[in-house]
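Worksheet for the structure shown next.
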Number of protein chains: 2
Amino acid sequence: MPHRGRPHKIAPEEQVRRAMRLFWRKGYYDTSVDDLVSDTGINRYTVCTAHGGKKSLFEKALALYEAEVTSSFLAVLETDGAGLFAIRDFFCQFLAFLEQPIGAYGCLLCNTSSEVAPDDPAIANRIERYIARLTGALRRAAQSAKARGELREGVDLDQFADYCAGSVLGIMSFARSPAPRRAVRNYVQGILHAIDAVSATAKPSPPNDRKGKRT
Amino acid sequence: MPHRGRPHKIAPEEQVRRAMRLFWRKGYYDTSVDDLVSDTGINRYTVCTAHGGKKSLFEKALALYEAEVTSSFLAVLETDGAGLFAIRDFFCQFLAFLEQPIGAYGCLLCNTSSEVAPDDPAIANRIERYIARLTGALRRAAQSAKARGELREGVDLDQFADYCAGSVLGIMSFARSPAPRRAVRNYVQGILHAIDAVSATAKPSPPNDRKGKRT
DNA sequence: CAATTATCAGAACATTTATTCTGTAATTCG
DNA sequence: CGAATTACAGAATAAATGTTCTGATAATTG
């Protein structure tokens, strides 16, 4: 069906995408409708009519974030046959992410988890499902890794998956903090070491690579 | 000097402490002065006069949080001669913390790091100093550990300290999320394993303790 | 006890915020 | 082209927020 009436100056999905970026940077409460209007070019009235108000637009932004940003990160894990190398690659992605300016925003879902989820059941539910998706993907990859003998004996799959999931929140929290980027890179390196530590292919010694080391 | 005029119904420091708890739970933006008044019993007028307004009271709350809560956690690390065992004990504390109801609030400084630091230089500075204190304490403990031969060869002290510091943010972010407590406990266990992995006292096999395991 | 000082309790104020209203403009359908 | 429909732009509105004012209250000091 074509379009009746005046067309949108900005496509609705693009409106949500721009709102997403602003919420990502400033958080939910500190982003006013005025901010949305002046920063993204969305019409005030449209926020309330087409999108159902600020809160509703925020929820659309969360959904779009998960569909685009999160899914992009998780792709390597949610591929069939993803194993321990995929988990490693998954975390390596964050090293590249941290180099971008947007890396300082952290993760919209993680930020929201701290900011609004504790007091909003609907938001909390979305965050819960996000964490379940993340943990599930990690656990399946760990399961495949174990089946293929990539893991050392005695590794608890559930515990390892939860460790990795928590580490993602840690990276994103650290990334949004004012800590030096080098510290965040070092943190990711530590997680990579922890992953190597459960690998069946024994490492002769802890990899003392010079990356991110103070001079 | 004694007190002139009518005394406070609630001692000023106790007022800050109560405000701290509310900010801790609800965050800065979602806590209104009305909330402070009705929830803590502080007088509206006093908020603006004695404490200099909402933002200033918030900064006092951050300072008190660091002085009381953070310092309590860091005590084991900031003791002279703290080594690898102290680092381990430091993280074990969080397991007990998570069992308390207040564990679901996460850490006020970590929450603030995500919520307001990115847009407020004064707050960002305080968070920066907090992270520097945390990382410094961890680094000094790691240094002692190395000097005493508690660490495996080739462990990068700065990288390890940053890893531990990031892990603290991870724990607090995960703790505030709607994830099941068991997942957070498992995450802490993973960090403990990572610490054991740099220990010179080689472990025969990954400790497959049943704690926190799904049945 | 009277004077002084500082807090309290609640009203009052100015600003900000989210939402809604109003007239205009841009498109599609008949 | 004319009618219908929908979005735009900015003003208007109602609620919420942070701050300030006002009279009353409770302590100290001389």
Enumerate donor-acceptor pairs with a distance under 3.5 Å from any side-chain N or O in residues 89-106 of chain B to protein atoms, sequence neighbours excluded.
none

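With rounding to whole Å, B:Asp34 atom CG is found 14 Å from C:dA9 atom C1'. Atom-to-atom, CZ of B:Arg4 to P of C:dA3 comes out at 15 Å; the value is rounded to the nearest Å. We find that OH of A:Tyr28 is positioned 9 Å from C1' of C:dA18, with the value rounded to whole Å. Here C:dT19 presents its C1' atom at 15 Å from NE2 of A:His51, a figure rounded to the nearest Å. If you take OH of B:Tyr29 and C1' of D:dG18, they are 14 Å apart, rounded to a whole angstrom. In this structure, B:Ile42 places its CD1 atom 20 Å from P of C:dA6, rounding to the nearest Å.
Using a 4.0 Å cut-off between charged nitrogen and carboxylate oxygen, A:Asp39 and A:Arg18 do not count as a salt-bridge pair. Under the 4.0 Å criterion applied to side-chain N and carboxylate O atoms, B:Asp34 and B:Arg44 are assigned as salt-bridge partners. Taking the charged nitrogens against the carboxylate oxygens, A:Arg88 and A:Asp196 do have a contact shorter than 4.0 Å, which makes a salt bridge.
Contact annotation: B:Lys55 does not reach the phosphate of D:dG18 (side-chain N/O to OP1 or OP2, under 4.0 Å).
On a pure distance criterion of 3.5 Å, no polar donor-acceptor pair joins the side chain of A:Asn43 and the base of D:dA7.
Of the two residues contacting DNA chain D, namely A:Ile10 and B:Gly53, the nearest-nucleotide position lying further toward the 5' end is that of A:Ile10. Take the nearest nucleotide of DNA chain D for B:Lys54 and for A:Thr46: the residue whose nucleotide is more 5' is A:Thr46.
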Under 3.5 Å, N/O pairs linking protein and nucleotides 20-26 of chain D:
from: D:dT25; atom 1: O2; to: B:Arg6; atom 2: NH1; distance (Å): 3.0

Task: Residue pair A:Leu84, A:Phe160: steps toward the side-chain contact (heavy atoms from CB on, under 4.5 Å) verdict - done: CA-CA 11 Å; A:Leu84 195 59; A:Phe160 180 64; 4.2 Å; yes
TODO: Decide yes or no on side-chain contact (heavy atoms from CB on, under 4.5 Å) for B:Ile191 and B:Tyr163, but give the supporting numbers first.
DONE: CA-CA 9 Å; B:Ile191 296 166; B:Tyr163 169 74; 4.1 Å; yes
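Sequence neighbours left out, the pairs with a member in residues 57-72 of chain B that pass side-chain hydrogen bond (donor to acceptor under 3.5 Å, both in side chains) are B:Arg17-B:Glu68, B:His51-B:Lys60, B:Glu66-B:Arg133, B:Ser71-B:Arg133.
Distance from the side chain of A:His8 is smallest to D:dA7 among C:dA18, D:dA7, D:dT29.
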